[in-house]
Amino acid sequence: MSETSTTTRAEYCVIACADAWRDNGEVLASPMGPIPSIGARLAKRTFAPDLLLTDGEARLVGLDGETEGWLPYRQHLAMVTGGRRHVMMGASQLDRFGNQNISCIGDWRRPARQLLGVRGAPVNTLNNPVSYWVPRHSPRVFVERVDMICGVGYDSAAAAGPSATRYHRLPRVVSNLGVFDFATADHAMRLASVHPGVTVEEVRQATGFPLVLPDEVPGTREPSEAELRLIREVIDPGGLREREVPAV
């Protein structure tokens, strides 16, 4: 195993993102952002060989990025609506039950800031598993209540009924501080692990709502030497990961 001192914070984030696709089987991985993309490619090269990668537009691609097949829009939609896709999205705001906002800050009728818009977040969250990646963990992102629901959280899906909960699942949230899940009785966000060098108190102070804490919070798992080699020499030799999450 690698030594903690030789593994950067960004590489722990890559490992945590990769593990989101563990045991998913043959599903379409749709990572959004450099570190989730590196994580998905690492997963396929190691423990998730059946994972399908896409160029984000119309092609299925292999480990080297070469086209392996076409992904027409109608086929993409069929995969999205049947639970056969696992997205890792970003979030401008995220609350304790996994409701996500990427649309606006403030009242949507007169927002203080206009963001991306709702985009495909409702369809993604209601029709296939969705995880989240937050490169800068802060109380401005992890909020008590989102200003607008784009990605549907557990409480909102439950309120909408069985049609909303059939494929709804939020496996994990990864930030530059740790890993979070919703493995609690009421699906409130739980701190699943902290990255080396991060304390539980630091995570609590950076979160705008009370996190569920296990009796003992483990550290994010160590990458193997083989995984580090793949990250550094094969998948991301240019070091994009370190630009998204700089060394601490």
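- Residues R110 and D107 are not paired through a salt bridge, judged by the lack of any N-O separation under 4.0 Å between the basic side chain and the carboxylate.
- In terms of heavy atoms, H195 sits closest to N176 at CD2-O, 3.2 Å.
- Between the side chain of E11 and the backbone N or O of T8, at least one donor-acceptor pair lies under 3.5 Å.
- In terms of heavy-atom proximity, A16 sits nearest to V179 at CB-CG2, 3.5 Å.
- You'll find the side chain of K44 stays beyond 4.5 Å of the side chain of W21, heavy atoms only.
- T125 places no side-chain N or O within donor-acceptor distance of the main-chain N or O of G151, the cut-off being under 3.5 Å.
- The closest donor-acceptor contact from the side chain of Q93 to the backbone of N101 lies at 3.5 Å or more, if one exists at all.
- Outside the 6.0 Å centre-distance limit, the rings of Y132 and F180 are not counted as a close aromatic pair.
- Side-chain atoms of N99 never come within 3.5 Å of backbone atoms of D95 as a donor-acceptor pair (strictly under, hydrogens ignored).
- When side chains are defined from C-beta on, V118 does not count as touching I102, because their heavy atoms never get closer than 4.5 Å.
- Aromatic ring centroids of F182 and F97 lie 6.0 Å or more apart.
- Side chain of T207 to backbone of V203: a donor-acceptor contact under 3.5 angstrom is found.
- Residues G33 and S37 come closest through the heavy atom pair O-OG, 2.8 Å.
- L177 and R9 make their closest contact through CD2-NH1, 4.0 Å (heavy atoms, listed as atom of the first residue, atom of the second, distance).
- The residue from R85, R84, H86 that alone fulfils the side chain to side chain contact (heavy atoms under 4.5 Å, CB included) condition with L28 is R85.
- Looking at R45 and E227, no side-chain N of the basic residue comes within less than 4.0 Å of a carboxylate O on the acidic one, giving no salt bridge.
- With respect to the salt-bridge test (charged N to carboxylate O, under 4.0 angstrom), the residues R241 and D236 qualify.
- Residue P171 comes nearest to P129 through the heavy atom pair CG-CB, 4.1 Å, listed as atom of the first residue, atom of the second, then distance.
- In plain terms, the two heavy atoms of M88 and P36 that are nearest each other are SD-CB, 3.6 Å.
- A salt bridge does not link D181 to R172: none of the charged nitrogens lies less than 4.0 Å from a carboxylate oxygen.
- Side chains of L211 and F142 form no contact here, defined as non-hydrogen atoms less than 4.5 Å apart.
- Within 6.0 Å of CZ on R204 lie no more than 12 heavy atoms contributed by other residues, nucleotides or ligands.
- A donor-acceptor pair under 3.5 Å links the side-chain atoms of Q114 to the main chain of S103, judged by distance alone.
- Formation of a donor-acceptor pair under 3.5 Å by the T165 side chain with backbone atoms of H168 is not found in this model.
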